[in-house]
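Below you'll find the structure, written out as structure tokens, and then a few comments.
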2 protein chains.
Amino acid sequence: MSTARLECTQAQTVVRRLSAFRELSESAVTALEKAVGERIVRAGAGQDLVSEGEQLDRIRIVLAGWLSRYKTLEDGRRQIVNFVLPGDVVGLPGSFLDRAAASVVALTDVRVRSCSLEAFVRLSFHLPKFGLALSWLAAQEAANYAEHIIDVGRRTPIERLAHLLLELHARLAVVKFAEESAFTLPFTQEMMSDALGLSVPHLNRMLAKLRNEGMIAMSERRVEFLDLKALRQLAQFQPLRPARIPVPEEYELD
Amino acid sequence: MSTARLECTQAQTVVRRLSAFRELSESAVTALEKAVGERIVRAGAGQDLVSEGEQLDRIRIVLAGWLSRYKTLEDGRRQIVNFVLPGDVVGLPGSFLDRAAASVVALTDVRVRSCSLEAFVRLSFHLPKFGLALSWLAAQEAANYAEHIIDVGRRTPIERLAHLLLELHARLAVVKFAEESAFTLPFTQEMMSDALGLSVPHLNRMLAKLRNEGMIAMSERRVEFLDLKALRQLAQFQPLRPARIPVPEEYELD
DNA sequence: CGTCTCATTGAGTTCTGTCAATCTAAGTGG
DNA sequence: CCACTTAGATTGACAGAACTCAATGAGACG
């Protein structure tokens, strides 16, 4: 695949994500890229894009790759707050806080568009729909966080594992990074256990159980759903369905 | 206290909350109230303001009272995702999703300003700073959610209890609903245990432990911090410090 | 004084984490 | 091509944490 083609595909990521928000005119996309897409940056797996406590003033939109947002307690316990996928934004809430409350690390090689907070704020004033789009993305993230709280708070280990797998698959599917009923996890079981608040051995047992009960198959890091219905029932998973945002007619043309 | 005085105090709630965001001119506050504050609504304790699955198109700003955002699993397990305090917004992410992902119930009698999503969107187009303020509030909420995920995922029961108490106190203090080092919980231990992912008996034991170790005192539902330093150390609590949002000069006057 | 809700305590059981060993696959260097 | 190394997956034994169930206390209210 040529570089040009790749760029094109990855630019699509953002459009795919936002097109559930509302149709984006070509000029709007151009404006977004002009203001936001000034700089495309790569980072290697393992590299921190944000470090807890850091003062942040950049926003990054993920084009390709996986990251995780996490926090480490003093004695080394680590909790992964969420996984950041293509089409997601890095730098919020960090940029809206005095200092970043969590760290963000690249789990794979990643490519992001990076822009200053100031440029983004300027864009939102110029074209308010983008400020709104940000709220809209933040709202989806909040909904994912809420489910994650339910996972670790009240779902049993096997239920929360099932829920995580379904959530990741659904989110990847939105930006066309997943197959119909399979996807590839780019990380170790330790990551998964840190996301789910479990120990590695116990996570491993739960994975084995899902396999034994014929709900999933795993080869290497590829996860395949064998019994989607049972999985959804087990996890009580409900896909996130974003709403279209009503835009006043007088602004329709922006 | 006269009704007029009460209105005044409660209007202050929103201003207090947003004034950490940036100074609000008098005209901006007027515009906000005009667009958003058209309707003031009361709800009694126990009443649902949002029900899971419902289609939402209203945003509500809490003036006084406590609410909780929660979800119930099929077999009755319940998880409280967060507590909603004066100055917080109800209806997000609900209004940005096809249907509300969680329910919101009033824990005490509450007073909220209610406005249609459409009116709010219109306001954000007219004065983009309010759209941005929404993102800014959402970012703080996300940061609180993240800490809550760490609570239930990796903090021990006593740590997460300490963390919850400190967080609630800090959030109440922002809107002047707390004393220097004490505040009143308006709900039962069952609520707390559902927020923390614990059973009631175990939560009760942890509360007793905090008391025995001289970190807190409780009479009725009033919580007093006796050893703030030890509590913060135990919970590894870091207060949330919102940043001021830079506004382009050409929009300064809005 | 009875009733109700909520807080508190105790006993026993289950779940899940810890620790440690083993297994597997993918490199790596000779 | 093979021995060696290493990261990660898997499994087992065991201890301790937290849950469930059930009983008791305490206070509010009619």
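Protein chains get the first letters and strands the later ones, always in sequence-line order, with residue 1 at the start of each.
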(request) Give, ordered by number, those residues of residues 183-198 of chain A having at least one heavy-atom distance below 4.0 Å to an atom of DNA chain D; if nothing qualifies, reply none. (result) Thr188(A), Gln189(A)
(request) Residues of residues 75-83 of chain B with any non-hydrogen atom less than 4.0 angstrom from an atom of DNA chain D: list those, numerically ordered, please. (result) none
What residues, two or more places apart in sequence or in another chain, satisfy side chain to side chain donor-acceptor pair (under 3.5 Å) together with [X]?
X	value
Glu74(B)	Gln233(A)
Asn144(B)	none
Glu179(A)	Arg222(A)

Non-hydrogen atoms of [X] and [Y] that approach each other most closely:
X	Y	value
Val200(B)	Glu190(B)	CG2-CA, 3.8 Å
Val90(B)	Val62(B)	CG2-CG2, 4.0 Å
Val175(A)	Thr13(A)	CG1-O, 3.9 Å
Pro86(A)	Leu63(A)	CB-O, 3.6 Å
Ala143(A)	Leu240(A)	CB-CD1, 3.6 Å

(message) For Arg241(B), is there an ion pair with Asp98(A) - N to carboxylate O distance below 4.0 angstrom?
(response) yes
(message) I'd like to know whether Arg69(A) forms a salt bridge (Lys or Arg N to Asp or Glu O under 4.0 Å) with Glu141(A), so could you lay out the CA-CA distance, the side-chain angles of the two residues, the decisive distance to 0.1 Å, and finally the verdict.
(response) CA-CA 12 Å; Arg69(A) 185 172 280 120; Glu141(A) 196 165 304; 3.3 Å; yes
(message) Please enumerate all residues that pass salt bridge (charged side-chain N to carboxylate O under 4.0 Å, His left out) together with Glu147(A), with sequence neighbours excluded.
(response) Arg155(A), Lys71(B)
(message) Checking Arg154(A) now: which residues fulfil salt bridge (charged side-chain N to carboxylate O under 4.0 Å, His left out) with it, not counting sequence neighbours?
(response) Asp194(B)
(request) Under 4.0 Å from any heavy atom of chain A: name the first and the last nucleotide of DNA chain D that qualifies, 5' to 3'. (result) dG8(D) to dA13(D)
(request) Tell me which residues in residues 201-213 of chain A put a heavy atom below 4.0 Å from DNA chain C, sorted by number, or none. (result) Pro201(A), His202(A), Arg205(A)
(message) Parallel, tilted or perpendicular, judged at 30° and 60°: which one describes the rings of Trp66(A) and Phe183(A)?
(response) parallel
(request) State which residue, out of Met192(A), His148(A), Met191(A), fulfils the side-chain contact (heavy atoms from CB on, under 4.5 Å) condition with Ile80(A). (result) Met191(A)
(message) Taking salt bridge (Lys or Arg N to Asp or Glu O under 4.0 Å) as the cut-off, I'd like each qualifying pair that reaches into residues 85-96 of chain B, sequence neighbours left out, listed once.
(response) Arg17(B)-Asp88(B), Asp88(B)-Arg171(B)
(message) When you compare the side chains of Thr72(A) and Arg78(A), does any donor N or O come within less than 3.5 Å of an acceptor on the partner?
(response) no
(message) Does any part of the side chain of Tyr70(A), heavy atoms only, come nearer than 4.5 Å to the side chain of Val105(A), both counted from C-beta?
(response) yes
(message) Based on the rotation axes of five pairs at each end, what angle does the helix from dC1(C)-dG30(D) to dG30(C)-dC1(D) bend through, to 10°?
(response) 30°
(request) Tell me, please, the opening and closing nucleotides of DNA chain C, 5' to 3', among those with an atom under 4.0 angstrom from a non-hydrogen atom of chain A. (result) dT16(C) to dC19(C)
